[in-house]
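Hydrogens, waters and symmetry mates play no part in the numbers below; they use all other heavy atoms, side chains included.
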Amino acid sequence: MRRRTGDDGARRYADVRLRQAAKFDERRPSPDVAARLTGMSLNVGDEMMRLSGVLRHASTGKWVRAKLGGPLVVDSRAALLLWEPRRIVPTYAVPDKDVRAELVPVGPAADSDVPVLHPGIPFAVHSTPGQPYDVHVGHDVRERAAFRPGDADLAGHVAFDFDAFDWTEEDEPLFAHPRDPFSRVDARRSSRHVRIERDGVLLAESHTPTLVFETKLCPRFYLPREDLKAEVLPSDMVTACPYKGRATYLSFAVGVNLAWTYPDPLPEASPLAGLVAFFDEVVDVTVDGVARDRPDSPVARIMKEEFGVSAQTRPDGSHAPHRDRGHPVRG
């Protein structure tokens, strides 16, 4: 979009664009867009969160394939990344010509009013109009594993359930979900003094943390295992991150699955190997003597829901007393 010079021209241009967008309510720009067009600064993070409420797509030059066992389901060099409204991670949509399986139409799924659709919410839950399909590959059937959005810009494309198939980009396997090209993960070694507590119990203390900065998420503090100060209890929880790898979890007497570690991370996340990070949402973090607020943004809340982490639950099923930190919680 070309920006006009001069305040009057910019305002006229903004007015025209806003009137055009008003015809499509779900794509209506926020007031900040008009501010941007008239020369005022825009908070990029806020605008990215606003856009999460609309249907989005982006092209990718990657060769994308999906298989069910041996047979191909998808073989595409023209795939799109697709985010349904309120979905925080993308899936792949491909042109009809690149589909190798039989798609059988099924009835619509129930609408969801969940404010944020995290990866733990099944693909079959949709937030935009369209036609769902069962995917038939020989004698195998994956129910509701494909979806054709009703959006004109996506005509001729079908999206697929990432979890239902085995995927590769070029010749490398993928897991969890496709990587978001608009997200990044930076790991930085630090000498900050970090203390992690829960209900007054010191869980970890370190002067050599590695800080991880990930788009849309609060900074995470990854600490050396030797800096743990409380006994670690076993956990069988395992999760996968397409940026870092497979994580195993750690429990403590004061809480279940409060922390995680990547024993064998992906090459891009190798600095995190063996380090331990905590859910800041349910522990008390002090950095260089300053207590940090527990994150309570929409993303922080849905992460607690997705990973089943409670601010109150102990390993024995009892509930910990609430600790009032004396100041408001912010994301």
Side-chain angles (χ1 to χ4, degrees), residues 69 88-89 114 116-125 142 145 161-167 173-179 185 187 194 196-199 201-206 209-210 212 214 217-218 220-285 294-295 299-321:
I88 61 174
V89 300
V114 177
V116 180
L117 298 173
H118 59 69
I121 295 176
F123 172 85
V125 175
R142 292 294 181 266
D161 182 354
F162 194 87
D163 291 339
F165 309 104
D166 297 318
W167 294 82
L174 296 177
F175 58 89
H177 60 79
R179 294 188 180 192
V185 181
V194 178
I196 310 289
E197 298 175 90
R198 174 85 182 264
D199 304 329
V201 176
L202 180 63
L203 301 177
E205 184 171 16
S206 180
T210 294
V212 171
E214 186 168 353
L217 301 181
C218 66
R220 297 292 187 190
F221 301 90
Y222 281 74
L223 313 180
R225 184 83 179 224
E226 57 267 26
D227 288 342
L228 296 182
K229 305 300 183 183
E231 180 184 1
V232 174
L233 303 177
S235 170
D236 58 3
M237 183 170 169
V238 177
T239 61
C241 170
Y243 308 99
K244 307 181 199 78
R246 299 192 184 279
T248 58
Y249 283 72
L250 291 71
S251 294
F252 300 85
V254 291
V256 177
N257 297 328
L258 295 182
W260 67 90
T261 184
Y262 292 97
D264 185 22
L266 295 174
E268 302 93 316
S270 58
L272 304 183
L275 302 182
V276 176
F278 286 80
F279 279 106
D280 292 12
E281 293 82 356
V282 295
V283 297
D284 298 310
V285 181
R294 289 186 180 181
V299 172
R301 289 193 291 273
I302 64 100
M303 285 187 67
K304 286 196 291 186
E305 176 188 334
E306 179 185 0
F307 293 104
V309 177
S310 167
Q312 305 297 316
T313 306
R314 296 175 181 268
D316 60 3
S318 64
H319 294 276

For this session: Flag the pair V194 / D227 as yes when at least one side-chain heavy-atom distance between them is below 4.5 Å, and no otherwise.
Result: no
Exercise. In Å, rounded to the nearest 0.5 Å, how long is the span from CD1 of I196 to CG of L258?
Worked result: 10.5 Å
Exercise. What do the steps show when you test R220 against E281 for salt bridge (Lys or Arg N to Asp or Glu O under 4.0 Å), and what is the final call?
Worked result: CA-CA 11 Å; R220 297 292 187 190; E281 293 82 356; 2.9 Å; yes
Exercise. A273 and P263: which non-hydrogen atoms are nearest, and at how many Å?
Worked result: CB-O, 4.5 Å
For this session: Decide yes or no on side-chain contact (heavy atoms from CB on, under 4.5 Å) for V232 and V276, but give the supporting numbers first.
Result: CA-CA 11 Å; V232 174; V276 176; over 6 Å; no
Exercise. Hey, mind stepping through F278 and R198 against side-chain contact (heavy atoms from CB on, under 4.5 Å) and telling me if it holds?
Worked result: CA-CA 11 Å; F278 286 80; R198 174 85 182 264; over 6 Å; no
Problem set entry | Non-hydrogen side-chain atoms of I88 and P119 separated by less than 4.5 Å | yes
For this session: Return the minimal non-hydrogen interatomic distance between R294 and V283, and the atom names on each side.
Result: NE-O, 3.2 Å
For this session: Please name all residues satisfying salt bridge (Lys or Arg N to Asp or Glu O under 4.0 Å) with R179, sequence neighbours left out, ordered by chain then number.
Result: E268
Problem set entry | For C218 against P295, the heavy-atom pair lying closest together | SG-CG, 3.7 Å
Exercise. Is atom CD of E226 surrounded by more than 12 heavy atoms (other residues, nucleotides or ligands) closer than 6.0 Å?
Worked result: yes
Problem set entry | F221 and V285, any side-chain heavy atoms less than 4.5 Å apart | yes
For this session: Starting at CG of L275, measure out to OH of Y262 and round the result to the nearest 0.5 Å.
Result: 11.5 Å
Problem set entry | Passing candidate, ring-ring contact (aromatic ring centres under 6.0 Å, His included) with F162, options F175, F123, W167 | W167
Problem set entry | Shortest non-hydrogen contact from A176 toward A240 | CB-O, 3.7 Å
Problem set entry | Euclidean distance, L228 CG relative to L202 CG, rounded to 0.5 Å | 10.0 Å
Seminar exercise, completed: Heavy atoms of E231 and F252 approach each other most closely as O-CD2, 3.3 Å
Problem set entry | K229 NZ to L223 CG distance, which is reported to the nearest 0.5 Å | 10.5 Å
Problem set entry | From CG (L266) to NZ (K244), nearest 0.5 Å | 10.0 Å
Exercise. Closest approach of L272 and P265, non-hydrogen atoms and distance?
Worked result: C-CG, 4.5 Å
Exercise. When rounded to the nearest 0.5 angstrom, what distance separates CG in N257 from OH in Y249?
Worked result: 7.5 Å
